[in-house]
*Asks:* 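This is the structure I want to talk about, given as structure tokens.
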Amino acid sequence: MAQPQLVTELLKTLKAKYQVVLDDAVLFYEQYESLYGVYAKESQRVIEIKHQLSTIHGYKKKHGSFPKIKGQDSTDAYIKELEKIKQRAQSEIDHVEPDVLEGFEKRQALLTDIANSIAKMMISERDASQFIATMMLRAPLPADSSRCPTNEKNKPIYIAALAISLLKQLTSQQLIEEDYITQRVPPLVPGESHPEQLEYPQEMLSDYINEVLNPIIIAVLIHNIGSYSVEAERIYKGNRYRMLDEEARKSLINIIHSATNDYLHYGFGKPQQEKMDETQFELEMEKFELTQTIVNDYPKSQSPIGNLLRIPMIYSSFMLSTKPQHDFKLSFKAYDILKSGIDKNVVYAPYGEVFLNMVGQYPLGCGIFFISKETGLPERAVISSLNPPKPTSAIVKQLTRRQVKFDDHTQVAASEEYIVSNDIARKKSDFAAPYYKKQFPTGFYWNPAEPWERDIDHQKFWRRDNKIKSN
């Protein structure tokens with residue numbers, strides 16, 4: 001299990017590393033026309049000429065003579081002209097290729113390093129819950145002037161963590177149909193320290209992370225990177241968070257999609273066959289194609305593999321909002337909005353339902369009140385774990401006992417009939433409506449990010465999270 005304090009430090013490190021990726025992406029797009037675009041254009045030109053020459057020579061081999069080329073007096077002269085163009089194109093490629101390939105290596109190393117760190121935190125459900133909850137607990141408050149840019153940079157990391165957590169649930173329920181993934185998922189076995197908890201065999205984790213988790217995480221990390229392109233900036237006009245009209249919004253979506261694909265192919269880069277043996281090249285191409293498929297398919301509402309990204313992305317827009325105005329309580333509407341999306345075929349229903357069961361109605365890292373069976377009083381708590389017993393229940397860390405600050409931080413499974421936001425819980429309690437109106441004037445949800453850095457001991461908060469007390 002990861003050390004709790006290290007989760008906070010890891011998140012700071014990941015954000016700093018991801019900022020390097022974004023800064024480099026801005027430079028990539030600024031240099032695209034003079035460097036990467038040249039490589040892309042001339043490489044495509046060479047491919048097309050090779051195809052033409054192959055077709056021409058194939059015709060001669062079959063028929064004994066060159067074909068007549070429309071608009072050309074001499075096929076021999078046309079072939080010589082094609083060879084000259086190919087040589088010029090190859091010369092351009094040779095000129096820019098060292099810088100391009102250096103960029104490939106740099107970006108692949110940066111993104112793989114971040115992906116590795118996220119993937120390792122997602123292997124254990126306890127670590128995954130801590131990681132995701134801590135991101136919410138560290139999120140800027142709604143009125144914080146840095147909220148939008150901070151959330152924008154943290155959001156891909158948050159989405160990646162949810163996507164891998166969703167993948168784990170889907171594979172355990174045999175709902176993933178992609179052979180590439182299913183053939184590489186290790187079987188779950190009883191954990192060494194806690195046999196009641198299923199874990200992946202340690203000896204199989206390295207390949208699983210490298211071949212499955214990392215390509216998925218990288219797709220999440222770069223799915224919106226085209227928003228840092230020069231063309232996108234022309235629409236933003238210096239303000240990435242301003243409201244756009246429908247025409248500008250549609251134009252921006254197309255620009256981001258196209259620019260993201262440019263980054264994937266000429267910034268991150270396809271595997272280079274000459275640098276590896278055939279077996280390794282085939283594997284690297286399959287990894288690249290998995291990343292590419294997710295990047296291209298997440299806008300498609302009924303693409304299963306695309307919904308690995310699409311569903312957490314929609315959910316994250318409520319958790320880590322980048323809208324200029326944001327009410328924390330909207331976080332608790334994410335479940336219902338996503339549920340409505342399933343009904344309207346906005347998301348792929350089989351995956352959406354699994355996701356809703358995984359996150360439950362009460363988002364990780366958010367604050368609620370529950371009536372303790374032990375004290376009979378409403379106690380303050382923070383949602384601390386994925387996969388509650390029921391979507392309407394919540395696994396929480398109890399912060400008060402008899403409504404007084406309580407540093408034990410017991411982990412409790414609070415059932416629906418004891419969660420104060422539910423009418424049934426308030427009616428069954430020992431208190432009448434005037435009590436709740438007086439004690440909870442702003443509602444039954446609260447934002448733990450307010451006291452997180454100031455009043456809560458992180459190490460104490462995350463201890464004792466192996467045992468859960470029923471309530």
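Along the sequence shown, residues carry numbers from 1. The shown structure was predicted, so the numbers you read here are calculated from the model rather than taken from an experiment.
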*Asks:* Hey, is the main chain of Asn224 close enough, under 3.5 Å, to the side chain of Ser227 for a donor-acceptor pair?
*Replies:* yes

*Asks:* At what distance, to the nearest 0.5 angstrom, does CG of Leu309 lie from CG of Leu221?
*Replies:* 10.0 Å

*Asks:* What's the separation between atom OG in Ser384 and atom CD in Gln130, rounded to the nearest 0.5 Å?
*Replies:* 9.5 Å

*Asks:* Just grab all the side-chain hydrogen bond (donor to acceptor under 3.5 Å, both in side chains) pairs involving residues 57-70, residues at least two apart or on different chains.
*Replies:* none

*Asks:* Do the non-hydrogen side-chain atoms of Ile305 and Ile181 ever get within less than 4.5 Å of each other?
*Replies:* yes

*Asks:* Taking Ser340 for the side chain and Asp336 for the main chain, is one N or O donor matched with an acceptor at less than 3.5 Å?
*Replies:* no

*Asks:* Is the shortest side-chain heavy-atom distance between Ile123 and Leu213 below 4.5 Å?
*Replies:* yes

*Asks:* Identify the heavy atoms of Pro186 and Pro201 that sit nearest to each other, and give their distance.
*Replies:* CB-CD, 3.9 Å

*Asks:* Is a side-chain donor or acceptor of Glu233 paired with a backbone partner of Gly238 at a separation under 3.5 angstrom?
*Replies:* yes

*Asks:* Please determine whether the number of non-hydrogen atoms from other residues, nucleotides or ligands lying under 6.0 Å from atom CD of Glu203 exceeds 12.
*Replies:* yes

*Asks:* Below 6.0 angstrom between ring centroids: does that apply to His95 and Tyr39?
*Replies:* no

*Asks:* Roughly how far, to the nearest 0.5 Å, is the CD1 atom of Ile49 from the CD atom of Glu42?
*Replies:* 8.5 Å

*Asks:* Between Lys287 and Tyr180, is there a side-chain heavy-atom distance shorter than 4.5 Å?
*Replies:* yes

*Asks:* Are Tyr36 and Phe28 close enough that their ring centers fall under 6.0 Å?
*Replies:* yes

*Asks:* Measure the spacing between CD1 of Ile216 and CG of Leu167 and express it to the nearest 0.5 Å.
*Replies:* 4.5 Å

*Asks:* Check the surroundings of atom CG in Asp277: do more than 12 heavy atoms from other residues, nucleotides or ligands lie under 6.0 Å from it?
*Replies:* yes

*Asks:* Do Ile159 and Leu320 come within less than 4.5 Å of each other through their side chains, counting heavy atoms only?
*Replies:* no

*Asks:* Distance-only, no hydrogens or angles: does the His223 side chain make a donor-acceptor pair with backbone N or O of Val220 under 3.5 Å?
*Replies:* yes

*Asks:* Return yes when atom CD of Glu289 has more than 12 non-hydrogen atoms of other residues, nucleotides or ligands closer than 6.0 Å, and no otherwise.
*Replies:* yes

*Asks:* Could you tell me whether the side chain of Gln272 and the main chain of Lys270 form a donor-acceptor pair under 3.5 Å?
*Replies:* yes

*Asks:* Check whether the side chains of Asn357 and Glu353 place a donor and an acceptor atom closer than 3.5 Å, and report yes or no.
*Replies:* no

*Asks:* With sequence neighbours left out, write down each residue that passes side-chain hydrogen bond (donor to acceptor under 3.5 Å, both in side chains) with Gln87, or none if nothing qualifies.
*Replies:* none

*Asks:* Filter on side-chain hydrogen bond (donor to acceptor under 3.5 Å, both in side chains), then keep only pairs touching residues 142-155, sequence neighbours left out; what's left?
*Replies:* Asp144-Ser146, Glu152-Arg240, Glu152-Tyr241

*Asks:* Supply the atom-to-atom distance Leu166 CG to Met122 CE, rounded to the nearest 0.5 angstrom.
*Replies:* 12.5 Å

*Asks:* Quick check: are there more than 12 heavy atoms from other residues, nucleotides or ligands sitting under 6.0 Å from CD of Gln183?
*Replies:* yes

*Asks:* After noting the C-alpha distance and the side-chain angles of Tyr78 and Gln52, does the key distance pass the side-chain hydrogen bond (donor to acceptor under 3.5 Å, both in side chains) rule?
*Replies:* CA-CA 11 Å; Tyr78 181 64; Gln52 285 189 61; 2.6 Å; yes

*Asks:* Please walk me through it: do Asp23 and Gln19 pass side-chain hydrogen bond (donor to acceptor under 3.5 Å, both in side chains)?
*Replies:* CA-CA 6 Å; Asp23 291 342; Gln19 182 64 58; 2.8 Å; yes

*Asks:* Evaluate the side chain to side chain contact (heavy atoms under 4.5 Å, CB included) criterion for residues Ile256 and Ser229: first the C-alpha distance (whole Å), next the side-chain angles of each, then the deciding distance (0.1 Å), finally the verdict.
*Replies:* CA-CA 8 Å; Ile256 290 174; Ser229 65; over 6 Å; no

*Asks:* For Pro215, is there any backbone N or O sitting under 3.5 Å from a side-chain donor or acceptor partner on Thr291?
*Replies:* yes

*Asks:* Any side-chain heavy-atom pair from Leu283 and Glu211 closer than 4.5 angstrom?
*Replies:* yes

*Asks:* Taking atom CD of Glu278 as the centre, does the number of heavy atoms from other residues, nucleotides or ligands within less than 6.0 Å exceed 12?
*Replies:* yes

*Asks:* Considering residues at least two apart in sequence or located in another chain, which fulfil the side-chain hydrogen bond (donor to acceptor under 3.5 Å, both in side chains) criterion with Glu246?
*Replies:* Arg249

*Asks:* Is any side-chain heavy atom of Lys237 less than 4.5 Å from a side-chain heavy atom of Arg242?
*Replies:* yes

*Asks:* Hey, could you give me the CG/CD1 distance between Leu170 and Ile176, rounded to the nearest 0.5 Å?
*Replies:* 4.5 Å

*Asks:* Under 3.5 Å, side chain of Thr55 to main-chain N/O of His51, donor-acceptor pair present?
*Replies:* yes

*Asks:* Just by modelled atom types, is the Asp179 backbone N or O under 3.5 Å from a matching donor or acceptor in the Thr182 side chain?
*Replies:* yes

*Asks:* Begin with the C-alpha distance, continue with both residues' side-chain angles, and end with the deciding distance and a verdict on salt bridge (Lys or Arg N to Asp or Glu O under 4.0 Å) for Glu9 and Lys12.
*Replies:* CA-CA 5 Å; Glu9 296 307 315; Lys12 292 178 181 177; 3.8 Å; yes

*Asks:* Going through the distances and angles, do Glu83 and Arg88 end up as a salt bridge (Lys or Arg N to Asp or Glu O under 4.0 Å)?
*Replies:* CA-CA 9 Å; Glu83 290 288 359; Arg88 288 198 297 269; over 6 Å; no

*Asks:* Side chain to side chain contact (heavy atoms under 4.5 Å, CB included), that's the test. Do Glu274 and Phe281 meet it? Break it down for me.
*Replies:* CA-CA 9 Å; Glu274 62 274 12; Phe281 175 71; over 6 Å; no

*Asks:* For this output row, return yes or no: ring centroids of Trp452 and Phe461 closer than 6.0 angstrom.
*Replies:* yes

*Asks:* Is Arg184 salt-bridged to Asp207, going by a charged N under 4.0 Å from an acidic O?
*Replies:* no

*Asks:* Flag the pair Ile342 / Leu356 as yes when at least one side-chain heavy-atom distance between them is below 4.5 Å, and no otherwise.
*Replies:* yes

*Asks:* Has Tyr266 got a side-chain atom pairing as donor or acceptor with Leu35's backbone, closer than 3.5 angstrom?
*Replies:* no

*Asks:* Which pair of non-hydrogen atoms, one from Ile395 and one from Leu386, has the smallest distance, and what is that distance?
*Replies:* CD1-O, 4.1 Å

*Asks:* What pairs of residues pass the side-chain hydrogen bond (donor to acceptor under 3.5 Å, both in side chains) test when at least one of them lies in residues 296-316, not counting sequence neighbours?
*Replies:* Asn261-Asn296, Asp297-Lys300, Asp297-Ser303

*Asks:* Given 3.5 Å as the limit, does a donor-acceptor pair link the side chain of Ser251 with the main chain of Glu247, or not?
*Replies:* no

*Asks:* Under 6.0 Å between ring centres, would you say that holds for Tyr351 and Phe355?
*Replies:* no

*Asks:* Run the side chain to side chain contact (heavy atoms under 4.5 Å, CB included) check on Ser43 and Ile93 step by step: do they pass?
*Replies:* CA-CA 7 Å; Ser43 295; Ile93 292 170; 3.8 Å; yes

*Asks:* Taking ring-ring contact (aromatic ring centres under 6.0 Å, His included) as the definition, give me every residue that meets it alongside Tyr445, ordered by chain and number, with sequence neighbours left out.
*Replies:* Phe332

*Asks:* Would you indicate whether the side-chain heavy atoms of Val26 and Leu22 approach each other to under 4.5 Å?
*Replies:* no

*Asks:* Please determine whether side chain to side chain contact (heavy atoms under 4.5 Å, CB included) holds for the pair Leu101 and Phe104, giving the CA-CA distance in whole Å, both sets of side-chain angles, and the decisive distance to 0.1 Å.
*Replies:* CA-CA 5 Å; Leu101 296 184; Phe104 287 176; 3.7 Å; yes

